[in-house]
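Computed from a predicted structure; not experimentally measured.
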There are 2 protein chains.
Amino acid sequence: MTKNKQVTIRQLSKELGVSISTISSVLNNRHEERRISPDTVKRVKEAAREIGYLPNISARMLRSYSSSKYPITIAVLTSFQAPLPLISSVITTLQKVGNEDEYKDINFNVTVDMFEAGELKKLPGLLDGTRFNAALIANTIPTDDEFLSENVISSPVVFIGRDIPHYSSVKTVAHMTGRQAADILYSSGSKDPVILYSKILTQTTIARIEGFREDAERLSGNKPIELVAEGFTEKHGYEAMKNFLDSGGKIDGLYTITDSLAVGSYLAVKKKGLKIPEDITVIGTGDSSVSPYIDPPLSTFTRSQHNLHEEAVRLLFKQIKGTITMPTQVVVPVMPVLRESTRRGSITNFEMGI
Amino acid sequence: MTKNKQVTIRQLSKELGVSISTISSVLNNRHEERRISPDTVKRVKEAAREIGYLPNISARMLRSYSSSKYPITIAVLTSFQAPLPLISSVITTLQKVGNEDEYKDINFNVTVDMFEAGELKKLPGLLDGTRFNAALIANTIPTDDEFLSENVISSPVVFIGRDIPHYSSVKTVAHMTGRQAADILYSSGSKDPVILYSKILTQTTIARIEGFREDAERLSGNKPIELVAEGFTEKHGYEAMKNFLDSGGKIDGLYTITDSLAVGSYLAVKKKGLKIPEDITVIGTGDSSVSPYIDPPLSTFTRSQHNLHEEAVRLLFKQIKGTITMPTQVVVPVMPVLRESTRRGSITNFEMGI
DNA sequence: TTGTACGCGTTATCAA
DNA sequence: TTGATAACGCGTACAA
């Protein structure tokens, strides 16, 4: 029924023996004012449906928007392996910041493309500039970075959470965060700190883990125990912690790479009859909206995502406007948020502003 | 420095006194093979940057892709007031389903446009077909629906969570869900059921509330108490419940329109020294990933989102392929998931499959 | 109803 | 080394 190939208005015209302009009129519901015969209208509409005609959006835009009103295209490129909320967050930020006085003269539309981690190079139009005027790119892995350092994207680009030579980027001081987490657990009296992370790792996650390892070892004298969960969700956190405890694991302090992993761990810990923070102190990452409301409220580090995305978007807009022309690196600070789950030992309310 | 107006390659040409072909060659890094002098290359590149030249993507695509390889454009349109995860979920689903054998001959790209609830009509290209070949539309409000029923979008469109005459849509049986919630609270011994919702309402939320009102009144003999939160987050749930309890409100059963509102309520309830489910039974909506892990695990209704979005995407693809030509309504079922938070009265483990 | 110019950028050809 | 010119991609608008 439907042809795979894109059909053009010209092919329709040939097939029907009707002029191109007639077809265009009919397809744009201008047939009344153009006084096209009902019969022709019917024939054209049916044929278009039958043959699966879809107009070429580029051609329409080219014709319909004067160059002063033509919107530029901003692309959001992210891997399938990215945390799901990223796309929403980036797009919403794009729209919000785009409405600000400073940038509202930039008339843009947003496209989203997803790639398999490591396969960025397969994205059409990445290097030849046929698909976007500017791009935000997130969640590349080393293979992609290698590809990017060998090739040049000539449009403005900002990388999120990753630092790539010759391009702009925004990231957090992930390494520092890991170290702070170790300090906080140690200050709360933990001697056997455990770190729980997902087996899916990004540059940021790796840095956090390394920071934690370093300081945990320096402070407690031995390497921290590392638990690897299958993914990022509460369920994965629960399972990893349950397995660890079931097999007799020893723990008095926990640092998780996301808050959701901590929330899952809570249940496993409680089921063993252990108390937070009396037996185990816990600190997560990301200040998820549930963290202040669970029992006990979870200590964590501020959500860097929001600021991260906002900085990324602003940086991109500035590049588009030409305010910034050199590759620029922005580092977004991350602050600890201390709540009940680490309230033990020498950490008090008073020190919450570390 | 930068001109607001879009600059074309022709204007650049005039300004520099350099031919169009030369400029095009330089801008596409073809200057070596064309043997353009280094000086000209430099001048062109600088001028392009200086003047803020951005190529017209439509023109480039038109030229670069043969009609058989030209991608169609699928738009995701949603209001700023929509729950944030929606965009990510819809886009990911679009990409995943688009990779399936059945649909992988559809070559498409995705654009996202956001509108203020009630201002859908202001979206450029909505009616004239200049921006997309097909669209998924979510989170319209009655004003938008009215606009849509007076005008026609001629491309394939699927509405998510909303039923609009003459268009395809996917939704859940929200009304039934509300009624079931009332039944479950009543069965667990609640006489003073309270419903907590956000002041931002969609068609789905309204239906849930109405369903609940009806059955709660039928079962308990009087109208349920209604609490209105400022938004959807845990914080909003906490505040609404705290205010209610502080002002002496009576409650022995709670139905919330999202799980996050229930999570926030948990803390307010516990702070008052009340116990769940002994004093108050609670049921949420959406089966959020944290719900099984909070204390006590939260009863809720299955997350309909995922299925909802998948159905929407499939429906859209079928319309694009011409497999379906008539407006079609799909209803996605929602099931209760009973956990500790409603385990009181006549509801037992045994009845968990209601 | 139809013919044709047009929107913008790319590319090829030939001339300068 | 650069320019002028034209064709092209697809759909639309306007004059005829």
Exercise. A:I72 has an atom CD1; how far is it from atom P of C:dC8, in whole Å?
Worked result: 16 Å
Exercise. Counting any heavy atom closer than 4.0 Å, what does A:T22 reach on the DNA or RNA strands: base, sugar-phosphate only, or nothing?
Worked result: base
Exercise. So what does A:S58 touch, heavy atoms closer than 4.0 Å: a base, only the sugar-phosphate, or nothing?
Worked result: nothing
Exercise. Which comes earlier along DNA chain D counting from the 5' end, the contact point of A:L62 or that of B:D128, where each point is its nearest nucleotide?
Worked result: A:L62
Exercise. Which part of the nucleic acid, if any, lies within contact of A:T8, taking any heavy atom under 4.0 Å across all strands shown: a base, the sugar-phosphate backbone alone, or nothing?
Worked result: sugar-phosphate
Problem set entry | Within 6.0 angstrom of A:E32 CD, more than 12 heavy atoms from elsewhere | no
Exercise. How long is the line joining CZ of B:R43 and P of D:dT1, in whole Å?
Worked result: 15 Å
Problem set entry | salt_bridge(B:K321, B:D105) N-O dist < 4.0 Å | yes
Problem set entry | Donor on one side chain, acceptor on other, A:S89 and A:H309, under 3.5 Å | yes
Exercise. To the nearest Å, how far apart are B:I20 CD1 and D:dT2 C1'?
Worked result: 14 Å
For this session: Look at all strands and tell whether A:G129 reaches a base, only sugar-phosphate, or nothing, counting heavy atoms closer than 4.0 Å.
Result: nothing
Exercise. With no angle test and no hydrogens, is the base of D:dC10 tied to the side chain of A:R60 by a donor-acceptor pair under 3.5 Å?
Worked result: no
Problem set entry | Phosphate-side-chain proximity, B:S24 and C:dT10, N/O vs OP1/OP2 below 4.0 Å | yes
Problem set entry | Whether B:N139 side chain and B:T78 backbone form a donor-acceptor pair below 3.5 Å | no
For this session: Describe the nucleic acid contact of A:S66 in one word from base, sugar-phosphate, nothing, applying a heavy-atom distance below 4.0 Å.
Result: nothing
Exercise. Whole Å only: how far is the NZ atom of A:K14 from the P atom of C:dT2?
Worked result: 15 Å
Seminar exercise, completed: Whole-Å distance, A:L27 CG to C:dT1 C1', equals 16 Å
Exercise. Roughly, in whole Å, what's the span from CG in A:N56 to C1' in D:dC8?
Worked result: 13 Å
Seminar exercise, completed: Testing D:dA4, C:dT1, D:dG11 for proximity to the side chain of B:S21, the answer is D:dA4
Exercise. Atom OH of A:Y70 to atom P of D:dT12: distance rounded to whole Å?
Worked result: 15 Å
Exercise. Which of the following nucleotides, C:dG9, D:dT1, D:dG3, is nearest to the side chain of B:S19?
Worked result: D:dG3
Exercise. Among A:L62, A:T130, A:I57, which residue meets the side chain to side chain contact (heavy atoms under 4.5 Å, CB included) test with B:L62?
Worked result: A:L62
For this session: Would you mind telling me which of C:dT1, C:dG9, D:dA13 lies closest to the side-chain atoms of B:Y53?
Result: C:dG9
Exercise. Base, sugar-phosphate alone, or nothing: which one does B:R10 contact when heavy atoms must sit under 4.0 Å apart?
Worked result: base
Problem set entry | Distance in angstrom units between A:I9 CD1 and D:dA13 C1', rounded | 12 Å
Exercise. Is B:S37 touching bases, backbone alone, or none of the nucleic acid, heavy atoms closer than 4.0 Å?
Worked result: sugar-phosphate
Exercise. Is any side-chain N or O of B:S67 closer than 4.0 Å to OP1 or OP2 of D:dC10?
Worked result: yes
For this session: May I ask you to decide whether A:R314 forms a salt bridge with A:E310, counting only side-chain N to carboxylate O separations under 4.0 Å?
Result: yes
Exercise. Are OP1 or OP2 of D:dC10 and a side-chain N or O of A:R63 less than 4.0 angstrom apart?
Worked result: no
